[in-house]
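Every heavy atom of this structure was used, including side-chain atoms; hydrogens, water molecules and symmetry mates were not. Here is the naming used below: chain letters follow the sequence lines, and residue numbers restart at 1 for every chain.
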Amino acid sequence: MSGKTLFEKVWNAHVVVPETTDTPAVLYVDLHLVHEVTSPQAFSELRERGLPLRRPDRMLATLDHSTPTLPTNADGSRPYANAEAQAQVTQLETNCREFGVELHGWDSADRGIVHVIGPELGATQPGMTIVCGDSHTSTHGAFGALAFGIGTTEVGHVMATQCLLQRKPKTMAIHVDGQLPPGIGAKDLILHIIGTIGVDGGTGYVLEYRGAAIEALSMDERMTVCNMSIEAGARAGLIAPDETTFAWLKGRPRVPQGAAWDAAVKRWRALRSDDDATYDHQVRIDATAVKPTVTYGTHPGMAIAMDAPVPAATNAQERRALEYMKSEAGKPMQGTPVDVVFVGSCTNSRLSDLREAANVLRGRRVADGVRMLVVPGSEAVRRDAEREGLHQIFTAAGAEWRVPGCSMCIAMNGDLAQPGQLVVSTSNRNFEGRQGKGARTVLASPATAAASALAGRIADPREYLVEVAA
Amino acid sequence: MKPITRIHSRTAVLADENIDTDRIIPARFLTTTTREGLGKLCFHDWRYQADGSDNPAFPLNQPQAQGCSIVVAGRNFGCGSSREHAPWALLDYGVRAVLCSEIADIFRGNALKNGLLAIVIDELEHRWLLKHPGIELVIDVRGQFIALPDGGRIPFRLEPFARHCLLNGVDQLGYLLQHTDAITHYEQQEKAA
């Protein structure tokens with residue numbers, strides 16, 4: 001019998017009822033993350049049917065999507081984008097109170113983007129199954145957890161039964177050989193991977209990122225990589241837990257402590273694909289060939305090195321995408337004038353992301369006419385960043401330092417770009433109108449975002465980092 | 001959910017590939033706390049002009065698309081976010097089925113759970129349907145085929161459980177709740193481990 005992949009090990013350990021030809025598996029969920037946008041209809045459904053939550057102790061809720069990132073008004077009220085956004089937040093507060101769910105709301109010192117606080121609190125652990133009504137739940141795969149986004153109907157299923165009906169997905173190994181060159185980060189790598197396998201290259205698969213370049217990544221970087229698995233169509237991305245994972249998790253509030261910690265680590269060490277495990281598909285990526293990478297079109301698969309020429313459109317959709325973006329075939333994205341720069345989102349709002357941006361910005365000024373927003377992923381990130389003085393680097397450079405939330409990644413809280421504006425964004429989606437109706441999004445790393453803010457044009461961050469080193 | 005056995009309609013075509021859920025319903029409309037009334041927001045930024053009038057360039061605004069409840073869409077329809085607001089909006093807008101050579105995973109699952117037939121067909125037939133909007137089709141869920149006006153058939157395969165639920169109007173939560181004993185047993189074993 002051949003060995004098992006990491007995915008199969010986690011999957012098998014959570015099967016309550018095995019799948020048959022006629023019926024999907026009943027799969028147990030260890031952790032259910034909740035936010036205000038995709039949960040209200042599920043709570044309503046439970047209420048209508050008179051059903052309780054099966055395991056409120058396995059739920060963790062936060063406010064992030066519809067929340068303003070500006071500080072409170074003078075009268076103590078919050079500057080919501082509109083009454084509906086406020087009502088949605090109030091609804092989650094009410095639901096959590098009524099159903100007994102732990103909510104990291106406005107008064108919590110741990111509030112933040114759901115995919116940032118899960119790991120921070122140690123709620124995310126290797127070998128778990130984790131779901132949330134949010135496609136970027138794949139982020140938690142960085143810890144060797146099987147984590148994926150679900151719809152609101154399924155949110156209701158998990159609330160009532162702690163289980164989901166699931167067909168076993170296929171597996172794809174993405175081997176990343178070699179090491180990333182200096183100044184090239186996890187965001188460049190994942191954009192490069194999606195550009196290689198395509199926006200639908202992962203559909204039907206769970207991805208496992210492996211190889212020397214992946215092992216060398218920090219946890220923050222691994223989260224950036226796994227976060228964007230969905231942008232290749234894969235519901236989940238996994239990385240086997242290792243010493244880096246254990247060191248990062250140790251001592252966090254929700255992880256086991258003392259002898260229980262040692263026992264857990266011993267268990268977690270087995271969470272890796274066996275040498276003789278087989279995958280349904282395999283891809284090899286050369287880390288040494290990755291350059292600062294950006295998108296040039298209207299989905300994340302349209303990604304290239306910033307100094308490479310934009311490919312000519314081969315069909316009507318690509319023509320429409322280039323037209324929308326005003327990207328010119330044959331010309332590189334590097335040098336394109338920039339209006340707005342956004343550093344934040346569940347992809348790149350952790351402390352190391354902010355440091356990366358700050359290293360480029362330190363002692364410099366954002367170009368005239370460029371608006372730059374820096375939005376930390378959580379209150380904890382905000383505290384840590386302020387302790388290091390990063391906020392002063394940002395504000396001295398002319399950037400806005402905001403309160404945690406999803407902000408301009410999804411642009412439903414009032415943080416948005418104007419029609420036609422070009423945004424260099426560290427977020428995960430460059431769909432038409434994603435950052436505001438008519439806004440043009442170029443996805444990039446925090447370093448590239450910061451360099452582009454300084455230059456007023458899409459710029460290679462290495463030019464700025466070399467100066468610092470010299 | 002009401003049982004769905006067949007859908008009979010002319011087709012409308014949205015030929016773009018990778019129509020993401022932000023295009024189906026922009027995120028700024030997700031502040032709603034109900035699932036009703038989203039049809040008027042469906043494809044909002046594509047469907048309406050700046051002054052709120054219908055955009056004549058949006059394929060589903062064209063006269064021949066009126067009354068069509070089957071949409072033939074370009075490859076990888078529904079990619080992007082997990083928002084179930086996308087199928088809710090499509091259904092409320094009057095779309096009952098989406099035919100495509102590839103449909104994003106989360107969207108497909110959400111759609112089928114709401115009675116929106118998200119059906120994957122072969123590339124060759126998909127290409128043909130994209131080129132022939134307005135064709136009269138009958139989607140037969142039980143027989144798993146699409147009947148063409150000339151008597152031809154396009155076969156498809158739905159995940160058997162999803163098909164069973166569509167045909168019988170099965171409430172999936174009700175089905176899951178039938179496994180409560182097994183779930184309790186699983187939790188007890190997990191606790192003991």
Side-chain angles (χ1 to χ4, degrees), chain A residues 16-17 21-24 26 28 37-38 40-41 44-45 49 51 54 65-66 81-82 84-85 87-88 91 133-135 137 149-154 156-157 160-163 165 167 169 199-200 203-204 230 233 235 298-299 301 315-317 320 410-412 416 429 431-434 437-438, chain B residues 15-23 26-35 44-46 50 74-76 79-88 102-111 113-114 159-162 164-165 171-177 179-180 182-187 190:
Chain A
V16 175
V17 180
T21 314
D22 292 336
T23 53
V26 176
Y28 197 78
V37 178
T38 54
Q41 297 87 350
S44 299
E45 170 116 21
R49 298 168 73 134
L51 290 168
R54 183 176 177 92
H65 282 64
S66 298
N82 51 53
E84 269 205 324
Q88 191 173 58
Q91 186 66 54
D134 193 296
S135 61
T137 307
I150 56 177
T152 298
T153 297
E154 290 183 311
H157 291 179
T161 68
Q162 204 58 33
C163 288
L165 294 165
R167 286 288 178 187
V199 67
D200 56 355
T203 302
I230 183 67
R235 289 182 75 180
T298 53
H299 67 66
N315 59 37
Q317 288 77 52
R320 180 192 159 104
I410 188 163
M412 58 182 292
L416 50 86
R429 289 194 172 130
F431 298 149
E432 273 184 36
R434 172 81 178 184
K437 194 175 171 178
Chain B
D16 282 11
E17 293 181 1
N18 306 307
I19 294 176
D20 57 78
T21 54
D22 276 270
R23 268 178 103 186
R28 65 181 184 280
F29 300 126
L30 304 187
T31 47
T32 178
T33 53
T34 68
R35 44 177 98 197
H44 186 281
D45 294 351
W46 191 4
R75 201 168 54 95
N76 198 28
C79 63
S81 96
S82 62
R83 65 191 67 163
E84 202 160 315
H85 309 68
W88 295 338
E102 182 180 52
I103 302 180
D105 277 337
I106 305 181
F107 173 83
R108 189 164 44 93
N110 287 343
K113 284 186 183 65
N114 286 276
E159 192 277 307
F161 185 72
H164 168 77
C165 292
D171 161 38
Q172 295 199 8
L173 177 51
Y175 170 84
L176 255 177
L177 285 164
H179 291 93
T180 300
I183 298 167
T184 304
H185 180 70
Y186 176 92
E187 286 178 334
E190 187 196 29

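Among A:Arg320, A:Arg235, A:Gln162, the residue with the largest count of heavy-atom pairs under 4.5 Å with chain B is A:Arg320. Annotation: maximal heavy-atom pairing with chain B below 4.5 Å, among A:Glu432, A:His65, A:Glu45, occurs at A:Glu432. Residue with the most contacts toward chain B among A:Ile150, A:Asn82, A:Thr38: A:Ile150 (heavy-atom pairs, distance under 4.5 Å). Between chain A and the residues B:His44, B:His164, B:Glu102, B:His185, the most heavy-atom pairs under 4.5 angstrom are made by B:Glu102. Top candidate by heavy-atom pairs under 4.5 Å with chain A, chosen from B:Asn114, B:Thr180, B:Ile106, is B:Ile106. Here A:Pro40 is the residue among A:Gly149, A:Ala316, A:Pro40, A:Ser66 with the most heavy-atom pairs under 4.5 Å with chain B. Of the listed residues A:Arg434, A:Gln317, A:Met412, the one with more heavy-atom pairs under 4.5 angstrom with chain B than any other is A:Gln317. Among B:Gly74, B:Ala182, B:Gly80, B:Cys79, the residue making the largest number of heavy-atom pairs under 4.5 Å with chain A is B:Gly80. Put simply, of B:Asp45, B:Thr21, B:Asn110, the one with the most heavy-atom pairs under 4.5 Å next to chain A is B:Asp45.
In this structure, the portions of A:Val37 lying under 4.5 Å from any heavy atom of chain B include both its backbone and its side chain. Contact of A:Ile410 with chain B is made through backbone and side chain together, with heavy-atom distances under 4.5 Å. Interface residue A:Leu51: only side-chain heavy atoms are found under 4.5 Å from chain B. Contacts between A:His157 and chain B at a heavy-atom distance below 4.5 Å involve backbone atoms as well as side-chain atoms. Both the backbone and the side chain of A:Ala85 have a heavy atom closer than 4.5 Å to some heavy atom of chain B. Interface remark: A:Gln91 contributes side-chain atoms only to the contact with chain B (heavy atom separation under 4.5 Å). Heavy-atom distances place the side chain of A:Val17, and not its backbone, under 4.5 Å from chain B. Only the side chain of B:Arg23 comes within less than 4.5 Å of a heavy atom in chain A; its backbone stays farther off. B:Thr33 touches chain A through backbone and side chain together, each having a heavy atom under 4.5 Å away.
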Between A:Thr153 and B:Gln172, does a side-chain contact (heavy atoms from CB on, under 4.5 Å) hold up when you go through it step by step?
-> CA-CA 9 Å; A:Thr153 297; B:Gln172 295 199 8; over 6 Å; no

CA sep, side-chain torsions, deciding dist, call: A:His299, B:Asn76, side-chain contact (heavy atoms from CB on, under 4.5 Å) = CA-CA 11 Å; A:His299 67 66; B:Asn76 198 28; over 6 Å; no

Start with the C-alpha gap between A:Thr203 and B:Arg108, add the side-chain angles, then the distance that decides, and say whether side-chain contact (heavy atoms from CB on, under 4.5 Å) holds.
-> CA-CA 11 Å; A:Thr203 302; B:Arg108 189 164 44 93; over 6 Å; no

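The backbone N or O of A:Gly204 sits less than 3.5 Å from a side-chain atom of B:Asp105, completing a donor-acceptor pair. For the pair A:Gln88 (side chain) and B:Thr32 (backbone), a donor-acceptor distance under 3.5 Å is present. Within the 3.5 Å criterion, the main-chain N or O of A:Gly133 finds no donor-acceptor partner in the side chain of B:Glu84.
Scanning both residues, B:Leu173 and A:Ala160, for their nearest heavy atoms gives CD1-CB, 3.8 Å. Taking every heavy atom of both residues into account, B:Ser81 and A:Ser135 meet most closely at CA-OG, 3.6 Å.
Using a 4.5 Å heavy-atom threshold, the side chains of A:Arg54 and B:Thr184 count as touching.
The structure places CH2 of B:Trp88 at 4.0 Å from CD of A:Gln41, a figure rounded to the nearest 0.5 Å. Atom CG of residue A:Asn315 and atom CZ of residue B:Arg75 lie 9.0 Å apart, to the nearest 0.5 angstrom. The line from OG1 of A:Thr161 to CD1 of B:Ile183 is 4.5 Å long, rounded to the nearest 0.5 Å. For the atom pair CZ (B:Arg28) and CG (A:Leu416), the distance works out to 9.0 Å, reported to the nearest 0.5 Å. In this structure, OG1 on A:Thr298 lies 8.5 Å from CG on B:Asp16, to the nearest 0.5 angstrom. In this structure, CG in A:Asp200 is found 12.5 Å from CD1 in B:Ile103, a value given to the nearest 0.5 Å.
Partners of B:Phe161 according to the ring-ring contact (aromatic ring centres under 6.0 Å, His included) rule, which considers only residues two or more places apart in sequence or in another chain, are B:Tyr175.
The pair B:Asp22-A:Arg429 fails the salt-bridge criterion, with no side-chain N (NZ, NE, NH1 or NH2) lying under 4.0 Å from an Asp/Glu carboxylate O.
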